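To keep things clear, I will list the structure first and then write my remarks on it.
Since the model is a prediction, treat every value here as computed from it, not as a measurement.
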Amino acid sequence: IEDGTGPLNDLARGTIQLLTVTITTLGDAFFLMGFQVEESWKNMKLRVSAGADIVGARFKQLGGAIKIFANEALLSISSIPFIGEAIDKEKVKARINEAKDTLINASKQLANANVKLIQASTNEATFWQRLGEKKKQEAIAIEAGKARKARKKADDKALEESRKQREKD
């Protein structure tokens, strides 16, 4: 007969402790895996978006440079007698200014892409710190939920006692 101090009790207690540690470790592993997947997708999205911005900006730069070259060539041709008289110099200068604006916008797009790449790198560099912060926030939320549940239970109990008291009166 087992009285709570024998080997069967020790075996049962050890088994339950091992099971508790295993479940806790498994929960932590799932939390880490979930955070890792979430972070990987977020960083992948940032890097892909930055890559698309870079490619788009480079094509804008190429187009702007070609447009400036072609219109500057037209300006040069416009100074040739008879041939250049048909070229509207004001329209050519306007197209050059449009091309310069395109180059400025492309530079802004490249800067935006760099910000995204820096953000992704920062996310990766601060992964463990942010994981710890998320764990703390989750623990706080769990404790707040427990406190709300306990308050609700106490309020429900007080309400029930109040209802019973009114029924007696």
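- One finds the CD1 atom of I68 at 11.5 Å from the CG atom of L75 (value rounded to the nearest 0.5 Å).
- A distance-only check finds no donor-acceptor pair linking the side chain of S49 to the backbone of L46 [under 3.5 Å].
- Counting heavy atoms of neighbouring residues, nucleotides and ligands inside a 6.0 Å radius, atom NZ of K42 exceeds 12 of them.
- A donor-acceptor pair is defined here as one N or O able to donate and one able to accept, closer than 3.5 Å; such a pair exists between the side chain of T20 and the backbone of I16.
- Between D28 and the options T24, L32, T25, L26, a side chain to side chain contact (heavy atoms under 4.5 Å, CB included) holds for only T24.
- A donor-acceptor contact closer than 3.5 angstrom is absent between the side chains of Q109 and N105.
- Atoms OG and CD, on S40 and E124 in that order, are 8.0 Å from each other to the nearest 0.5 Å.
- Checked by atom type, the side-chain pair T102/K60 shows no donor-acceptor distance below 3.5 Å.
- The closest donor-acceptor contact from the side chain of Q61 to the backbone of L103 lies at 3.5 Å or more, if one exists at all.
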Inset, instruction - Verify side-chain contact (heavy atoms from CB on, under 4.5 Å) between K134 and E38, making sure each step is shown before the conclusion. - result: CA-CA 12 Å; K134 187 169 181 175; E38 178 184 326; 3.1 Å; yes
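- In this structure, the side chains of E39 and R130 come closer than 4.5 Å at one or more pairs of heavy atoms.
- Annotation: side chain of Q137 is not in contact with side chain of I140 (no heavy-atom distance under 4.5 Å).
- When the side chains of ILVMFWY residues are joined at heavy-atom separations under 4.5 Å, either directly or via intervening members, I142 and F31 end up in two distinct hydrophobic clusters.
- For the pair W41/M44, a side-chain contact is recorded, criterion being any heavy-atom separation below 4.5 Å from C-beta on.
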Legend entry - From CA spacing to verdict: side-chain contact (heavy atoms from CB on, under 4.5 Å), N123, Q119: CA-CA 6 Å; N123 287 348; Q119 181 62 51; 2.7 Å; yes
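- Note that the OG atom of S78 and the CG atom of D88 stand 10.0 Å from one another [nearest 0.5 Å].
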Inset, instruction - Decide yes or no on salt bridge (Lys or Arg N to Asp or Glu O under 4.0 Å) for E143 and K146, but give the supporting numbers first. - result: CA-CA 5 Å; E143 288 303 316; K146 286 179 182 178; 3.7 Å; yes
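- Residues K116 and R47 form no side-chain contact, since every pair of their non-hydrogen atoms from C-beta on lies 4.5 Å or further apart.
- A salt bridge does not link R151 with D155: every distance from a Lys NZ or Arg NE/NH1/NH2 to an Asp or Glu carboxylate oxygen is 4.0 Å or more.
- The shortest side-chain heavy-atom distance between N71 and L74 falls under the 4.5 Å cut-off.
- A99 approaches G64 most closely through the heavy-atom pair CB-O, 3.6 Å.
- Going from atom NZ of K153 over to atom CD of E160 covers 13.5 Å, rounded to the nearest 0.5 Å.
- In this structure, I87 is a member of the same hydrophobic cluster as I80, with clusters built from ILVMFWY side-chain heavy atoms closer than 4.5 Å.
- Look at R166 and E161 and you find no salt bridge, because none of the NZ, NE, NH1 or NH2 atoms lies under 4.0 Å from a carboxylate O.
- Taking the charged nitrogens against the carboxylate oxygens, E167 and K164 have no contact shorter than 4.0 Å, which rules out a salt bridge.
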Inset, instruction - Would you sort out whether D53 and L110 count as a side-chain contact (heavy atoms from CB on, under 4.5 Å), showing the intermediate values? - result: CA-CA 7 Å; D53 287 348; L110 282 173; over 6 Å; no
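- Using a 4.5 Å heavy-atom threshold, the side chains of R13 and Q17 count as touching.
- One finds the CD atom of E85 at 14.0 Å from the CD1 atom of I77 (value rounded to the nearest 0.5 Å).
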